[in-house]
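One structure below.
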Amino acid sequence: MSAIAYEPVVGLEIHIQLNTQSKVFCACPADSWGAPPNTHICPVCTGQPGALPVLNRAVVEKAVLLAAAVHCQEIQARSFFDRKNYFYPDLPKGYQITQYDQPIGRRGWFEVPLPDGQTRRLTIHKMHMEEDAGKTKNDPARGARLIDMNRCGVPLIEMVTAPGLRSAGEAAQFLIRLRQLLRWLDVSDANMERAHLRCDANVSIRAAGTTGLNPKTEIKNVNSIEAVRDAIETELGRQAREVSAGRRVEAWTLEWDEDSQTLHKMRSKETEADYRYFREPDLLPVEVADAWREAILQRLPELPLERRARFIEAYRLPAYDATILTEERSLSDYFEAASAAFGGEPKIIANWVQNEILRLTKEQNSPAGGLAFTAAHLAELVGLVEDKVITRQTAVGLISQVAESGRAPRALVEAQGLAQISSDDALRALAREVIAESPEQVQAYRAKPALLNWFVGQVMRKSKGKANAPLAEKILTDLLAE
Amino acid sequence: MTDLTDLTLHQAAASLRAGEVSSRELTEACLDRLAAVDPRLRSFLSVTADLARTAAEAADRQLAAWRRGTTTAGQSPSPLLGVPLAIKDVLCLRGTVTTAGSRILEGFVAPYSATAVERLLVAGAVILGKTNCDEFAMGSSTENSGYDVTHNPWDLARVPGGSSGGSAAAVAARLTFGALGSDTGGSIRQPAAYCGLAGLKTSYGRVSRYGLIAYGSSLDSIGPLARSVADLAALFSATAGHDPRDATSLPAPVPPVDLAAADVTGLRVGVPKEYFVAGIQPEVEAAVRAAVVRLAELGAQVVEISLPHTEYALPVYYLIAPAEASANLARFDGVRYGPGITAAEAGHNGGTSAAPLWARYEATRGTGFGPEVKRRIMLGTYALSAGYYDAYYGQAQKVRTLIRRDFDLAFQQVDVIACPVAPTTAFRIGEKTDDPLAMYLEDIFTLPASLAGICGLSVPCGFDAQGLPIGVQLLGPALGEDRLLRVGHAYEQATDWHTRRPPL
């Protein structure tokens, strides 16, 4: 007897930390990575008596940009902040300022390309702006709780998806694509290790082919893409076993323990707090008038999947190349700029970008746009190679010199006499030298013509990489046949 | 020569400019009188004598420079330069203890100054100290203070009103030339009436709330109490105006208040019938009606009007204000400031599990808050709870809109509304402390304007048989302070109620 096939039903709630300069309701720096505890704080974000919040417009701008990028049908001209009331030592005001029933964005969708070539269109129910809480850490040695309020008031967007993901892998793919989009739009650094992207997963299963929704569990504290996949996979397995054994899945809240790769029950859903939401009276409604929205959306760039499609179409790039080149906006901008400056076959530039430029961005931990070796430099360098002025080897060696000196590739080639040796006389002289110095290899060559490559290599070495290799090969073949 | 402390704020300012008196002398006179009288009055929670003397000396240097004509601008100094004032203890003053009358903030030193206070300091005012109030401004008698009961200078056995009772008592008793209070449901107007003063509840958003310890955020407003309407105008002008640190502060400019143009000829004065109801003390009704007659004699046109939703103001207020308070007061958890009571002190043996944390919260809040504050936190928490929100808080918001509309319609008919401030004159200390509902009823005539966010002025208009002051309330539309002040000033010019001083 075959087991019943279950279909996973997964939805995500994602907290996205925005990369604004200042916090959402005060002027403190938003990014406190590496800062000593309680150094980026003020009366507002620590909830001093009498202090009041003032909304940072940059937060609204980033929220609107993201809402448009996930195709929200409603980017609300008027949305509201509310107070979510609960006590916790790292929540200074005793309430979190968030958007409850009238969020900035609703009814969006996001397309996730799946490895099998299919696309999953996931509905985004809503996205809202809110402030982060601080961090609490227990210090058992002192029997104390330590509270760091640097993170209080850091701007977040919470995005709630429909339960439209059909596997743990799809959830991971969605997060990978979301992370890409967030960086692309420059709304978040989306670094999961720094908790810029935090994910709760709602998981249930149903008999394949049915459409109803069964009780779900909510998995908290899954803070890497691998953890999301592993936790959902684990929970799907557990639910399938429960249901197969004739038991019901209870609406629990679960916590993923990264170290032991297990889920722990935090609480039953019934015991959930009553947050007593009400409109935040200290803030006005968030009004995004048409003019402001238009101004914000002027900055909405071509999105990654759109750009990928265009790269395939307009530059005749293989899908693989287009994917790599549109992973990151700065790299794709770099490619386009270099390609335009080069003017030749885009695939040639695509190869250089995927090899040399991608390597540089990793070595220097910098986006392509921040490299000292610019797209214009690359176009000129590749032009020199294509025109056979320099060898590919010389070109690669020049990249770091260009970056360090800031001088153009052509200028360096001229200044250092790096131009490729293509003159028949010069190459013939080098080839003669090599043959004269290598009687044993000349002897061996008669039996083993593949040694020709060794001779070409020696000529390249003597020329410090400048020899025109195909020409040198031809001359050597002639001379060795003599 | 009269006692320096008997001068009005304007008289004091004029004497300072004329060089007849120094700020240091005025300050010392106030501090001396404070030391002599306040042990009986108990209007101040803290006296900032050193700060006051330093400010007074700075003001004297500025005044001397101005008199010598050596100031660069050459303009007339602010009327507040060198004038001693008091601040209700719900307003933060950097570096000084700020408690809002609550034990839960005992010893809390404000790390910053409220915008309204900052503006007084910029104008060169001398801050004498912080005045007593009902805890977190919740009350109508100042009996709910966590520290002291303030007495009414007209009769020490009676309350000064509240919650700005400390400010009112101090101004009436000549300990200061003026004071800032806050008004959420009547907390400036009612004590002003009880103490025979002029008091201005500014329109919601007119004076920045930044640095005002919040009670009901959608209702809280800051305003002055003084011994004349002209004095109020000076304090209002110095503190009002947009503040980028308060998102709800109104961006409207603050035009100078021209009291010389105070003339009520042709002014349409609305008298709302709903404000003359059974239970109002007959002498209060008579005095208020007489004030309306006086305005008519001065040329005003009196119109009876209706504000049909008036009766709902009390229940609406006691849902909205406590709901907001229940959240506003959540921050007082003893974690960052105030005398937090540790788990061990609360009877737990430490550790970091949840239970001692809650024991700490319960001990801190259980001992730090007084009974009225707890009552309102519970009321508000209930009104916001799942399953009750729609019936209580949600419904209250809808009725609030109707109350606001009452006033919108009324101000299409009339320029100002005249009515009683409170149904009675000052009651005896202890008389209503066991009956919260009776205490709440003290605010029935002040609550509607608070809910509507409009401005209101309390001006002395008589005395009852026991010699206790009675106030008339003038209400104006939002941003109508200058109109109210001109009408109040005209009335004051035609009467002498405001010139009487308490026996203390």
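Chain letters run A, B, ... following the sequence lines, proteins first and then strands; every chain starts at 1.
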(request) Starting at CZ of Arg336(B), measure out to CE of Met149(A) and round the result to the nearest 0.5 Å. (result) 6.0 Å
(request) Mark yes or no for whether Tyr389(B), through its side chain, and Tyr277(A), through its backbone, hold a donor-acceptor pair below 3.5 Å. (result) no
(message) Can you confirm whether Tyr100(A) is buried at OH, in the sense that more than 12 heavy atoms of other residues, nucleotides or ligands lie under 6.0 Å from that atom?
(response) no
(request) Heavy-atom distances under 4.5 Å only: say whether Tyr210(B) touches chain A with side chain, backbone, both or neither. (result) both
(request) Side-chain contact test, heavy atoms from C-beta onward, threshold under 4.5 Å: evaluate it for Pro89(A) versus Leu357(B) and give yes or no. (result) yes
(message) Less than 4.5 Å to any heavy atom of chain A: does that hold for the side chain of Leu219(B), its backbone, both, or neither?
(response) neither
(request) Measure Tyr86(A) against the heavy atoms of chain B and call it side chain, backbone, both or neither at under 4.5 Å. (result) neither
(message) Can you give me the closest heavy-atom contact between Arg276(A) and Ser385(B), atom names plus distance?
(response) CD-OG, 4.0 Å
(request) Apply side-chain contact (heavy atoms from CB on, under 4.5 Å) to the pair Glu324(B) and Phe278(A), showing each step before the final yes or no. (result) CA-CA 9 Å; Glu324(B) 292 175 358; Phe278(A) 72 103; 3.8 Å; yes
(request) Fit a plane to each ring of Tyr361(B) and Phe87(A), take the angle between them on a 0 to 90° scale, and name the class: parallel (under 30°), tilted (30 to 60°) or perpendicular (over 60°). (result) tilted
(request) Measure across Gly94(A) and Ala330(B) and return the closest heavy-atom pair with its distance rounded to 0.1 Å. (result) CA-CB, 3.8 Å
(message) Would you say CD of Glu74(A) has more than 12 non-hydrogen atoms from neighbouring residues, nucleotides or ligands within 6.0 angstrom?
(response) yes
(request) Verify the neighbour count for atom NZ of Lys137(A): are there more than 12 heavy atoms of other residues, nucleotides or ligands below 6.0 Å? (result) no
(request) Please look at Leu55(A) and chain B and tell me whether the side chain, the backbone, both or neither of the residue comes under 4.5 angstrom of a heavy atom of that chain. (result) neither
(message) Looking only at heavy atoms and a cut-off of under 4.5 Å, which of Val335(B), Asp333(B), Thr248(B), Val90(B) has the most pairs with chain A?
(response) Thr248(B)
(message) Report which part of Pro43(A) has an atom under 4.5 Å of a heavy atom belonging to chain B: side chain, backbone, both, or neither.
(response) side chain
(request) Could you tell me which non-hydrogen atom of Tyr112(B) sits nearest to which non-hydrogen atom of Pro49(A), and how far apart they are? (result) OH-O, 2.6 Å
(request) Answer with side chain, backbone, both or neither: which region of Asp220(B) has an atom nearer than 4.5 Å to a non-hydrogen atom of chain A? (result) neither
(request) Pick one of side chain, backbone, both or neither for Asn85(A), based on which atoms fall under 4.5 Å of a heavy atom in chain B. (result) side chain
(request) Report the residues that fulfil salt bridge (Lys or Arg N to Asp or Glu O under 4.0 Å) with Arg198(A), sequence neighbours left out, ordered by chain and then residue number. (result) Asp132(A)
(message) Donor-acceptor pair, distance only, cut-off 3.5 Å: does the side chain of Arg83(A) make one with the backbone of Ala327(B)?
(response) no
(message) Is Tyr204(B) close to chain A through its backbone or its side chain, or both, or neither, when contacts mean heavy atoms under 4.5 Å?
(response) side chain
(message) According to ring pair (Phe, Tyr, Trp, His ring centres under 6.0 Å), does anything in residues 28-53 of chain A pair up with another residue at least two apart or in another chain? List the pairs.
(response) none
(request) Sort out for me which of Leu284(A), Ile147(A), Val44(A) touches chain B most, counting heavy-atom pairs under 4.5 Å. (result) Leu284(A)
(message) How long is the straight-line distance from OH of Tyr95(A) back to CG of Asn328(B), given to the nearest 0.5 Å?
(response) 5.5 Å
(request) Measure the CZ-CG distance between Arg209(B) and Asp282(A) for me, rounded to the nearest 0.5 Å. (result) 4.5 Å
(request) Please flag which part of Tyr388(B) lies under 4.5 Å from any non-hydrogen atom of chain A: side chain, backbone, both or neither. (result) neither
(request) Using heavy atoms and a sub-4.5 Å threshold, report which of residues 96-104 of chain B line up against chain A, by residue number. (result) none
(request) Measure across Val54(A) and Pro244(B) and return the closest heavy-atom pair with its distance rounded to 0.1 Å. (result) CG2-O, 3.3 Å
(request) Taking the side chain as every heavy atom from C-beta outward, state whether Phe108(B) and Gln48(A) have any atom pair closer than 4.5 Å. (result) yes
(message) Quick check for you: to the nearest 0.5 Å, what is the distance between Thr381(B) atom OG1 and Asp274(A) atom CG?
(response) 9.5 Å
(request) Sequence neighbours left out, what passes salt bridge (Lys or Arg N to Asp or Glu O under 4.0 Å) with Asp243(B)? Give chain and number order. (result) Arg245(B)
